[in-house]
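The structure appears below as structure tokens.
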Amino acid sequence: MICLTAPYISGFLAFREVPFLVDAIRRLQEKEPTLMPQVLLVDGNGVLHHQGFGVACHLGVLTGLPCIGVAKKLLQVDGLENNAVHKEKIRLLQAGGDTFPLMGNSGTILGMALKSHDHSTKPLYISVGHKMSLEAAVRLTHCCCRFRIPEPVRQADIRSREYIRRTLGHSGPPVSGQE
DNA sequence: GCGACAG
DNA sequence: ATCTTGTCGC
């Protein structure tokens, strides 16, 4: 059980969540070091970020583990917009695994939109977090997708909600979601 | 009032 | 993120 202190502010997700994620990794290293993952799929962005340093970068630097930013919505950064042109590019994605690059006004490729399976309408927004190329990040994420959300993120989502429902669903303070 | 809004 | 209603597929 943890208690969040910082509020959620777009662009500052890491300052809210990263201390608890680092602590979870530290506890895993202590108790089950053989289960330490070689890579983390992080619910949020990596370099696709206002300061080029989202939660997946923070977590990577603080743990030393390769990290991938996996966002479900486009963070509108460096001129990137969820506008008609962007929506048309989404519409043109054919099969699961199809992508298009997310290039900001600066000319930098900040990430890739990924159609995570054949019948998914909304893409995932993949970006580099730490110690991994964008191409490898996209391929690995796609390989984890049984449904739209890659299974590690999806299971974390489902199991954390279930835990919250079981333990403090009736009495606890207002704690929500992914913690 | 309007745009933006990772989770 | 959360909530809600409805629909479709297995």
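Owing to the predicted nature of the structure, the values given are computational and were not obtained by experimental measurement.
- For A:K72 and C:dA1, the shortest distance from a side-chain N or O to OP1 or OP2 is below 4.0 Å.
- Here B:dC5 presents its C1' atom at 13 Å from CD of A:E81, a figure rounded to the nearest Å.
- Protein atom NE2 of A:H119 is 11 Å distant from nucleotide atom P of C:dG9, rounded to whole Å.
- One can place CD of A:Q76 at 13 Å from P of B:dG7, the figure rounded to the nearest angstrom.
- Ring stacking is absent between A:Y8 and C:dA1, as the pair misses the limits of under 5.5 Å between centres and under 30 degrees between planes.
- Distances shorter than 4.0 Å separate none of the side-chain N or O atoms of A:R16 from OP1 or OP2 on C:dA1.
- Between A:H50 atom NE2 and B:dA4 atom P the separation is 11 Å, expressed in whole Å.
- Classified by interplanar angle (parallel below 30°, tilted 30° to 60°, perpendicular above 60°), the ring pair A:F53/A:H58 is tilted.
- A:F147 has its CZ atom 12 Å from the C1' atom of C:dG9, to the nearest Å.
- Distance A:I149 CD1 to C:dA1 P: 8 Å, rounded to the nearest Å.
- Taking 4.0 Å as the cut-off between side-chain N and carboxylate O, A:R27 and A:E30 do not count as a salt-bridged pair.
- Between A:R154 atom CZ and B:dG7 atom P the separation is 17 Å, expressed in whole Å.
- Salt-bridge annotation for A:E88 and A:R91: present, with a side-chain N of the basic residue lying under 4.0 Å from a carboxylate O of the acidic one.
- Using C1' as the reference atom, C:dT2 and B:dC5 are 14 Å apart when rounded to the nearest Å.
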Residue pair A:I149, A:D157: steps toward the side-chain contact (heavy atoms from CB on, under 4.5 Å) verdict: CA-CA 10 Å; A:I149 306 301; A:D157 209 325; 5.7 Å; no
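- A:G11 comes within 4.0 angstrom of a base, heavy atoms only.
- Between the CZ atom of A:F12 and the P atom of B:dA6 there is a distance of 13 Å, given to the nearest Å.
- Separation of the A:F12 and A:H50 ring centroids does not fall under the 6.0 Å cut-off.
- Nucleotides B:dA4 and C:dA1, compared at atom C1', are 15 Å apart to the nearest Å.
- Contact annotation for A:V55: base contact, defined as any heavy-atom pair under 4.0 Å involving a base atom.
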